[in-house]
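Scroll down for the structure; my scribbles are underneath it.
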Amino acid sequence: MLSHDRRSPPLTLPYPLMCGAAVPPPPPPSPGRPVVPSEPAALRVPLPGSSLQGKLRPGPSRSPRMDFLVLFLFYLASVLMGLVLICTCSKTHCSKGLVRGGAQIFSCIIPECLQRAMHRLLHYLFHTRNHTFIVLHLVLQGMVYTEYTWEVFGYCQELEFSLYYLLLPYLLLIINVFSFTLTCVTNPGIITKANELLFLHVYEFDEVMFPKNVRCSTCDLRKPARSKHCSVCNWCVHRFDHHCVWVNNCIGAWNIRYFLIYLLTLTASAATVAIVSTAFLVHLVVMSDLYQETYIDDFGHLHTMDTVFLIQETLVCTGIIPGLLVSCLCSVCHIWTQYLFLTFPRIVFMLGFVMVLSFLLGGYLCFAVYLAATNQTTNEWHRGDGAWCWHCPLVAQRLSAEPQVHQNIHSHGLRSNLQEIFLPAFPYHERKKQE
């Protein structure tokens, strides 16, 4: 193992010398164009931490054929564009036609026996109560935290990261598991013959979306305002929001507060794990000097492509050689991603998963907070006209010229709306009735 004095500059050796092979002469450089190697040509030693030093010690040259950074960005852009299209086209008639046409095309390609099997599977997963998604949720969460504990936490301790930041994901996990359990087991507000009259006096009827004297055809009960019959659970729920397969329960008036806390802590824990893992990988890049790639100038001299070089090239190349700096930056980013994936594949896979999860959960959390702040439910927003997206050209085309009659009569200010969610109105009405 190579060693040197701490006061002397770090020793840098190219890969072939470390492996004991002869070094071929470098190809002649193109005049005036930086030459970026296809993979890290040298690593500086030593690094603190015995396990990290073993991880970062250079080995045989490997050159994967796949740019993982480009694939990840393409996947993320596809997911985000799909969500935007779903949000903008969910209430248009063209979306129903596209779905119907796609189903007809697949029915001609897929055999009938396979169609029946897929239909039974989808019906079991999304239209019956089962614990499949609960098990999947716990498995995915356990895998993420196992990888975080097994590698990221230990390496960050060797690099002397703050213990408070490293323990924050575990604190969020405890709160998340507690709120997740409460969301699963809490009664969402099931309407029965015993409490039917009580729920009828909680909310006013708007005579548009929730008219009076309407009975549920399945439960044979009078439907209170803001209630709905859940076809999966087969019962009517007070202030019905939606049925969540991840908790195998309806989200109603009595467990919506636990669901919001669960969603908030799940988003925060995924974002925290992503931030800590990103900080760890960036710290490794800085420690290993992977960001200091080399290039050859017009006179054949070797220089380091450090931060000063990038700033200078930005000022010089603007309007003169526009594609040069972009090409260099893409090559350097490809080197970083390639090297980190080969050295820490599980951490990179985990980071990609939690980053996508953070974006998806963050978007849904913003939507849930919007509904809570305006005292709406997902069911009411979907049945209504989605006033927040009326200005979207795709949605505005289908709106009729007639004025919309439905109005949200249940919103009474931000404070009152949040108090209604976290302090449900049922206990107050029950106490008033008993008096």
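Positions are given from 1 along the sequence.
- Arg129 and Trp235 get closest at one heavy-atom pair: NH1-CH2, 3.3 Å.
- Two residues are said to be in side-chain contact when any heavy atoms from C-beta on lie closer than 4.5 Å; Ile256 and Glu420 fail this criterion.
- Remark: Tyr155 OH to Leu166 CG distance equals 14.5 Å, nearest 0.5 Å.
- Interatomic distance, CZ of Phe126 versus OG1 of Thr132, reported as 9.5 Å (0.5 Å rounding).
- Aromatic ring centroids of Tyr170 and Tyr148 lie under 6.0 Å apart.
- Scanning all heavy atoms of the two residues, the minimum distance from Asn234 to Thr218 falls at OD1-CG2, 3.5 Å.
- Residues Cys184 and Ile134 meet the side-chain proximity criterion, which asks for heavy atoms closer than 4.5 Å.
- Judged by distance alone, the side chain of Glu380 and the main-chain N or O of Arg226 form no donor-acceptor pair under 3.5 Å.
- The two residues Leu163 and Gln157 make their nearest non-hydrogen contact at CD1-NE2, 4.1 Å.
- Checked by atom type and distance alone, the side chain of Asn255 pairs as donor or acceptor with a backbone atom of Cys250 at under 3.5 Å.
- Put simply, the side chain of Asn195 gets close to the backbone of Ile190: a donor and an acceptor are under 3.5 Å apart.
- Each of Phe344, Phe161, Phe153 was compared with Phe280 under the ring pair (Phe, Tyr, Trp, His ring centres under 6.0 Å) criterion, and only Phe344 meets it.
- The shortest distance between side-chain heavy atoms of Phe259 and Cys244 falls below 4.5 Å.
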| task | Test Phe205 against Leu200 for side chain to side chain contact (heavy atoms under 4.5 Å, CB included), laying out the working first. | result | CA-CA 9 Å; Phe205 292 89; Leu200 287 172; 4.1 Å; yes

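- Although no hydrogens or angles enter the test, the distance criterion places no donor-acceptor pair under 3.5 Å between the side chain of Thr149 and the main chain of Thr146.
- Contact check for Val276 versus Cys156: side-chain heavy atoms found under the 4.5 Å cut-off.
- Closest non-hydrogen pair, Thr183 versus Tyr262, comes out as OG1-CB, 4.3 Å.
- Judged by distance alone, with hydrogens and angles left aside, the side-chain atoms of Arg383 form a donor-acceptor pair with the main-chain N or O of Met209 at under 3.5 Å.
- Remark: His127 NE2 is packed, more than 12 non-hydrogen atoms of other residues, nucleotides or ligands lying under 6.0 Å away.
- With hydrogens and angles disregarded, a donor-acceptor distance shorter than 3.5 Å links the side chain of Thr374 to the backbone of Tyr370.
- The side-chain heavy atoms of Phe178 and Ile261, taken from C-beta on, include no pair separated by under 4.5 Å.
- Using a 4.5 Å heavy-atom cutoff, the side chains of Ser179 and Thr265 are in contact.
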| task | For Leu136 and Leu140, run side chain to side chain contact (heavy atoms under 4.5 Å, CB included): C-alpha distance rounded to whole Å, both residues' side-chain angles, the deciding distance at 0.1 Å, then the answer. | result | CA-CA 6 Å; Leu136 179 61; Leu140 292 176; 4.1 Å; yes

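- Between Phe180 and His137 the shortest side-chain heavy-atom distance falls below 4.5 Å.
- Judged by distance alone, the side chain of Asn249 and the main-chain N or O of Thr186 form a donor-acceptor pair under 3.5 Å.
- Taking the six-membered ring where the residue is Trp, the centroids of Phe210 and His410 are separated by 6.0 Å or more.
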| task | Check the pair Gln141, Leu173 against side chain to side chain contact (heavy atoms under 4.5 Å, CB included), reporting the backbone distance first and the verdict last. | result | CA-CA 9 Å; Gln141 196 171 33; Leu173 175 64; 3.5 Å; yes

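- In this structure a side-chain-to-backbone donor-acceptor pair under 3.5 Å is present from Arg215 to Asp220.
- Among Thr378, Asn379, Thr377, the single residue meeting the side chain to side chain donor-acceptor pair (under 3.5 Å) criterion with Asp241 is Thr378.
- The neighbour count for Tyr165 OH, taken as heavy atoms of other residues, nucleotides or ligands under 6.0 Å away, does not exceed 12.
- We find the NE2-NE2 distance between His123 and His119 to be 7.5 Å, quoted to the nearest 0.5 Å.
- The two atoms that bring Phe422 and Arg257 nearest to each other are O-NH1, 3.2 Å, heavy atoms only.
- We find the OH-OG1 distance between Tyr258 and Thr181 to be 12.0 Å, quoted to the nearest 0.5 Å.
- When only modelled atom types and interatomic distance are considered, Asn417 and Ser411 share a side-chain donor-acceptor pair under 3.5 Å.
- Expressed to the nearest 0.5 Å, how far CD1 of Ile191 lies from CZ of Arg222 amounts to 11.5 Å.
- Ser269 and Tyr145 make their closest contact through CB-OH, 3.3 Å (heavy atoms, listed as atom of the first residue, atom of the second, distance).
- Once rounded to the nearest 0.5 Å, the distance linking CG of Leu266 with CG of Leu361 reads 5.0 Å.
- Taking the side chain as every heavy atom from C-beta outward, Ile421 and Arg239 approach each other to under 4.5 Å.
- Side-chain atoms of Asn248 come within 3.5 Å of backbone N or O of Asn130 as a donor-acceptor pair.
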